[in-house]
Amino acid sequence: FFFFFFFFFFFFFFFFLCYFRDLSNPNKNQSKEKPKYTEANATDASFSDSMLKSLLSSDSIPKINHSTHLLRHFPQAESRPILLIVIHCVDLQQTLRNLQVAVECGADGAFLINHGDKSFDFDSHSVSRLRDFCLDFFNFSECLLSDAEVKTQEMLEFYREAVEKYPEYWIGINALRHYPYELFGGGDKEIIPLDLLQSLKGVWVDESGIDERNPPDQQHYAKRVKKVREKNGFKGLYFGGVAFKYQKQVSEFAEAAKCALPWMEVVITSGSVTGSAPPLQTIISMKPAIKNNPLAIASGVNEENVVEFGEYVDVFLVASSVTDEDEFIDEDKLRRLVSAVSKTSKKSNQTEDKKA
C-alpha cells in the first residue's frame with residue numbers, strides 16, 4: 001500500500017510541475033501555440049542537394065566580417081573565426097590548469113560554466129529546477145550533488161581567481177539554471193554581484209527567450225533582458241542561445257536568428273545534443289538572416305569540421321572534442337584544433353588574393 005501511495009504521489013506531483021512549468025518560462029507572455037517539430041525540420045532536411053550547393057556558392061551568404069563590437073574584444077581574429085574554450089568547472093585547480101593550457105595553445109578566450117549544477121534555491125526558478133530534478137529522478141540519472149558539480153557562486157569565485165591570474169585574457173561565464181533576466185540583475189535575488197557584472201567580458205545563456213513566431217520588435221522577454229543589461233551597466237558580449245540543445249524547439253531557424261538580432265551581440269546555436277554539431281544547412285539558413293552580425297556554434301566542433309563551418313561561423317565554443325572524461329583539456333588536441341582554425345583564415349586570405 002505504501003509503495004502505491006508513494007508512486008501516485010510523485011506521479012501527480014510531477015504532472016503538476018510539468019503543467020505549471022511556464023511560470024518560470026521566459027516565453028510565458030508570448031504566443032502559446034507550439035511549433036510543429038519533426039526530425040525533418042530539425043535538420044532542415046527540406047534543403048535539396050542542388051539548393052545546398054547553390055547556397056554554398058551564393059554571394060548572399062556573408063563571409064567572415066565580424067561586428068565592430070566583437071572586434072573590440074578580439075582584434076587578433078579579424079580574418080578568421082574566434083576560438084573559445086568551454087571549461088566545465090570542477091574545482092579551482094582544474095579551472096586554472098585548463099585556462100593555462102588554453103592560453104599557451106593560442107585559444108582566443110574561454111567560457112567558465114558550472115556544468116552539472118543540479119542544486120536549487122526557492123527563487124523564481126524553483127518550478128523549473130524541481131521539474132529538472134524530477135526528470136533526472138524518473139530517468140534514473142544521478143541527481144545528487146557530487147564532487148564534480150559546482151554551484152553558480154563557486155563558479156563566480158573561480159572566475160575572480162582566473163581574472164586575477166590572467167587579467168588580459170578574455171574570460172566569460174555561463175551560469176546554468178538561470179534565465180538571462182535574473183542573471184543580469186532583474187530578479188529579486190542577486191546572482192552576479194553588480195561590480196562583477198559590470199566587469200564581465202562575456203555572458204552566455206542557452207535559452208535567450210526568443211520566439212520566432214513573433215516579429216523581432218515583439219520579443220518582449222528579450223526587450224526586458226536588454227533593458228536590465230543597460231540599466232546595470234553590462235558592457236560585455238551577450239551570447240544568446242537560439243535553436244539551442246535541450247531548450248525550446250525551433251521550426252524556422254532563419255526567422256529565429258533574425259528575431260534575435262536586435263537583442264544580443266552574438267547569436268549562438270548548437271546541435272541537438274552535447275557533442276553533436278548542427279547541420280550545415282541550419283547554419284547556411286541562419287547566417288544570411290543576421291547578415292554580417294556574429295554567429296556562434298557551441299557543440300560538436302572539432303578539427304575535422306571546423307574548416308567547413310569556418311566559412312560561415314564567427315565564433316566556435318569548444319569543450320568535448322578537446323577534453324578528457326575528467327574535464328581536463330588535452331593539449332595536443334587543442335593545438336591541432338587551433339591549427340585547423342588558422343587554416344580557415346589562410347583559405348579566406350587566399351580566396352581574397354585570387355580575386356585581387
Side-chain angles (χ1 to χ4, degrees), residues 70 73-77 80-117 146-152 154-176 196 199-204 236-237 239 266 268 270-271 274-277 296-307 309-310 313-346:
L70 194 66
H73 287 256
F74 302 101
Q76 74 276 21
R80 63 167 174 80
I82 293 161
L83 178 61
L84 303 179
I85 304 305
V86 179
I87 298 175
H88 297 160
C89 296
V90 175
D91 55 39
L92 180 59
Q93 181 180 5
Q94 172 261 359
T95 300
L96 294 179
R97 183 267 182 189
N98 280 350
L99 272 173
Q100 180 181 351
V101 174
V103 172
E104 293 176 352
C105 289
D108 296 301
F111 268 107
L112 307 188
I113 182 172
N114 56 328
H115 193 68
D117 179 12
S146 72
D147 291 339
E149 292 170 340
V150 176
K151 298 180 182 179
T152 300
E154 290 178 284
M155 186 262 291
L156 293 177
E157 288 302 316
F158 297 169
Y159 174 84
R160 289 185 186 273
E161 294 282 347
V163 170
E164 183 176 345
K165 186 169 183 180
Y166 301 100
E168 301 301 321
Y169 198 58
W170 196 97
I171 306 173
I173 65 164
N174 182 346
L176 291 180
L196 184 58
S199 66
L200 279 172
K201 295 178 180 178
V203 171
W204 156 30
L237 295 173
F239 289 65
V266 183
I268 182 169
S270 75
T274 299
S276 171
I297 294 180
S299 71
V301 177
N302 54 55
E303 59 180 300
E304 284 77 28
N305 63 18
V306 71
V307 174
F309 280 115
V313 174
D314 302 278
V315 188
F316 291 117
L317 280 69
V318 182
S320 57
S321 67
V322 296
T323 53
D324 60 24
E325 60 183 9
D326 296 319
E327 302 294 356
F328 283 95
I329 295 175
D330 184 310
E331 186 173 344
D332 291 335
K333 289 182 179 179
L334 180 53
R335 288 192 185 279
R336 291 199 299 270
L337 182 60
V338 170
S339 176
V341 172
S342 70
K343 291 178 182 178
T344 302
S345 173
K346 290 177 182 178

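Computed from a prediction, not measured in an experiment: that's the story for all the values here.
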Which residues share a side-chain contact (heavy atoms from CB on, under 4.5 Å) with S339, sequence neighbours left out: S342, K343
Contacts of type side-chain contact (heavy atoms from CB on, under 4.5 Å), residue S199, not counting sequence neighbours: L196
N114 side chain to L176 backbone, donor-acceptor under 3.5 Å: yes
S321 side-chain N/O to V301 backbone N/O, donor-acceptor pair under 3.5 Å: yes
Heavy-atom side-chain proximity of [X] to [Y] below 4.5 angstrom:
{"X": "F309", "Y": "I297", "value": "yes"}
{"X": "F74", "Y": "V315", "value": "no"}
{"X": "V86", "Y": "W204", "value": "yes"}
{"X": "L70", "Y": "V266", "value": "yes"}
{"X": "L337", "Y": "V318", "value": "yes"}

CG-NZ distance between L156 and K151, expressed to the nearest 0.5 angstrom: 13.5 Å
Euclidean distance, L237 CG relative to L200 CG, rounded to 0.5 Å: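 The CG atom of L200 sits 11.0 Å away from the CG atom of L237.
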Qualifying residue, where the test is side chain to side chain contact (heavy atoms under 4.5 Å, CB included) with F158 and the options are L99, I87, I173, T95: T95
Which pair of non-hydrogen atoms, one from [X] and one from [Y], has the smallest distance, and what is that distance?
{"X": "L112", "Y": "C89", "result": "CB-SG, 3.8 Å"}
{"X": "P81", "Y": "T344", "result": "CD-CG2, 3.7 Å"}
{"X": "V307", "Y": "A340", "result": "CG2-O, 3.6 Å"}
{"X": "A175", "Y": "T152", "result": "CB-CG2, 3.9 Å"}
{"X": "V338", "Y": "C105", "result": "CG2-O, 3.5 Å"}

Side chain to side chain donor-acceptor pair (under 3.5 Å) contacts in which one or both residues fall within residues 297-307, not counting sequence neighbours: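 Residue pairs passing side chain to side chain donor-acceptor pair (under 3.5 Å), neighbours aside: E303-R336.
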Side chain to side chain donor-acceptor pair (under 3.5 Å) partners of residues 322-332, not counting sequence neighbours, each pair once: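 Passing the test, one end in residues 322-332: H88-E327, E331-R335.
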Verdict with supporting geometry, I85 and I329, side-chain contact (heavy atoms from CB on, under 4.5 Å): CA-CA 9 Å; I85 304 305; I329 295 175; 3.6 Å; yes
With sequence neighbours excluded, what pairs up with [X] under the side-chain hydrogen bond (donor to acceptor under 3.5 Å, both in side chains) test?
{"X": "E161", "result": "none"}
{"X": "N174", "result": "D206"}
{"X": "Q76", "result": "D108"}

Taking distance alone, no hydrogens or angles, what donor-acceptor pairs closer than 3.5 Å link side-chain atoms of residues 162-172 to residues at least two apart or in another chain?
from: Y169; atom 1: OH; to: A107; atom 2: O; distance (Å): 2.8
from: Y169; atom 1: OH; to: G109; atom 2: N; distance (Å): 3.3
from: W170; atom 1: NE1; to: H73; atom 2: ND1; distance (Å): 3.0

ring-ring contact (aromatic ring centres under 6.0 Å, His included) involving F239 - partner list, sequence neighbours excluded: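 Checked F239 against ring-ring contact (aromatic ring centres under 6.0 Å, His included); matches are F111.
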Test salt bridge (charged side-chain N to carboxylate O under 4.0 Å, His left out) applied to R97 - qualifying residues, sequence neighbours left out: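 For R97, no residue satisfies salt bridge (charged side-chain N to carboxylate O under 4.0 Å, His left out) once neighbours in sequence are set aside.
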side-chain contact (heavy atoms from CB on, under 4.5 Å) between I82 and D314, worked out: CA-CA 6 Å; I82 293 161; D314 302 278; 6.0 Å; no
